[in-house]
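I have placed the structure first, in the form of structure tokens, so that the comments after it can refer back to it.
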Amino acid sequence: QVQLVESGGGLVQAGGSLRLSCAASGRTYSRNTMGWFRQAPGKEREFVAGLDGSGDQTVYVDSMKGRSTISRDNAKNTVYLQMNSLKPEDTAVYYCAARILWAVVTRADEYDYWGQGTQVTVSS
């Protein structure tokens with residue numbers, strides 16, 4: 001079992017930045033794929049970014065390309081999502097997810113473990 005705890009969310013003005021963190025504990029799969037998803041009220045959960053165990057493969061949703069960076073520190077069992085130039089439409093609950101299999105995928109049902117989420121609110 002893997003436990004994931006997100007932190008770093010909050011209220012920020014449009015154009016601002018936030019760095020989300022996801023700490024993994026338990027039977028950690030520090031070399032396996034990690035992903036960030038988000039869910040706005042009334043909308044489906046959306047893939048934001050993913051990173052494989054080696055750090056070589058990264059995938060971003062088009063709306064976040066150039067504005068976000070996913071990274072990991074395996075020594076700390078922590079994954080980060082740096083988000084810049086935030087927009088009101090980025091407002092959502094952001095979730096960290098872990099996948100036992102190696103490759104980065106964008107479907108939420110392909111991930112095995114989930115955190116509780118952290119709220120990101122971007123004001124205009």
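What you see below is based on every heavy atom in this structure, not just the backbone, and it leaves out hydrogens, waters and symmetry mates. Starting from 1, each residue takes its place in the sequence as its number. Everything numeric in this text was worked out from a predicted model, so none of it was measured.
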With heavy-atom distances below 4.5 Å as the criterion, would you say the side chains of [X] and [Y] are in contact?
| X | Y | result |
| --- | --- | --- |
| Glu110 | Arg99 | yes |
| Gln1 | Tyr113 | yes |
| Glu6 | Leu20 | no |
| Met83 | Thr69 | no |
| Tyr95 | Val48 | no |
| Trp102 | Asp52 | yes |

Please identify each residue that fulfils side-chain hydrogen bond (donor to acceptor under 3.5 Å, both in side chains) with [X], with sequence neighbours left out.
| X | result |
| --- | --- |
| Glu46 | Arg38 |
| Ser17 | Asn84 |
| Gln57 | none |
| Ser7 | none |

Test salt bridge (charged side-chain N to carboxylate O under 4.0 Å, His left out) applied to [X] - qualifying residues, sequence neighbours left out:
| X | answer |
| --- | --- |
| Asp56 | none |
| Arg67 | Asp90 |
| Lys65 | Asp62 |

Treating Ile, Leu, Val, Met, Phe, Trp and Tyr as nodes and any side-chain heavy-atom pair under 4.5 angstrom as an edge, say whether [X] and [Y] lie in one connected cluster.
| X | Y | value |
| --- | --- | --- |
| Trp36 | Val93 | no |
| Leu81 | Val61 | yes |
| Tyr60 | Val105 | no |
| Phe47 | Leu86 | no |

State, to 0.1 Å, how close [X] and [Y] come at their nearest heavy-atom pair, and which atoms those are.
| X | Y | result |
| --- | --- | --- |
| Asn74 | Gly53 | ND2-O, 3.7 Å |
| Ala24 | Val2 | CB-CG1, 4.4 Å |
| Gln39 | Lys43 | NE2-O, 3.1 Å |
| Leu4 | Ala98 | CD1-N, 3.7 Å |

Gap separating the [atom1] atom of [X] from the [atom2] atom of [Y], nearest 0.5 angstrom:
| X | Y | atom1 | atom2 | answer |
| --- | --- | --- | --- | --- |
| Asn77 | Met34 | CG | CE | 9.0 Å |
| Ser68 | Leu18 | OG | CG | 12.5 Å |
| Ser63 | Lys87 | OG | NZ | 7.5 Å |

Problem set entry | For Val5, the rest of its hydrophobic cluster, which grows through side-chain links under 4.5 angstrom | none
For this session: Can you sort out the partners of Tyr111 under ring-ring contact (aromatic ring centres under 6.0 Å, His included), two or more places apart, ordered by chain and number?
Result: Phe37
Contacts table for residues 117-124: side-chain donor-acceptor under 3.5 angstrom, sequence neighbours left out:
from	atom 1	to	atom 2	distance (Å)
Thr118	OG1	Gly9	N	3.2
Gln119	NE2	Ala92	O	3.4
Gln119	NE2	Thr121	OG1	3.3

Seminar exercise, completed: Only residue of Asp112, Leu101, Ile100, Val104 satisfying side chain to side chain contact (heavy atoms under 4.5 Å, CB included) with Thr33 is Val104
Exercise. Any donor-acceptor pair under 3.5 Å linking the side chain of Thr78 with the backbone of Lys76?
Worked result: yes
Seminar exercise, completed: In short, disulfide bond (SG atoms under 2.5 Å apart) pairs touching residues 52-88 with sequence neighbours left out are none
For this session: Keeping to residues at least two apart or across chains, list the disulfide bond (SG atoms under 2.5 Å apart) pairs with something in residues 63-124.
Result: Cys22-Cys96
Problem set entry | Pi-cation contact, Tyr80 with Arg72 (under 6.0 Å, within 45°) | no
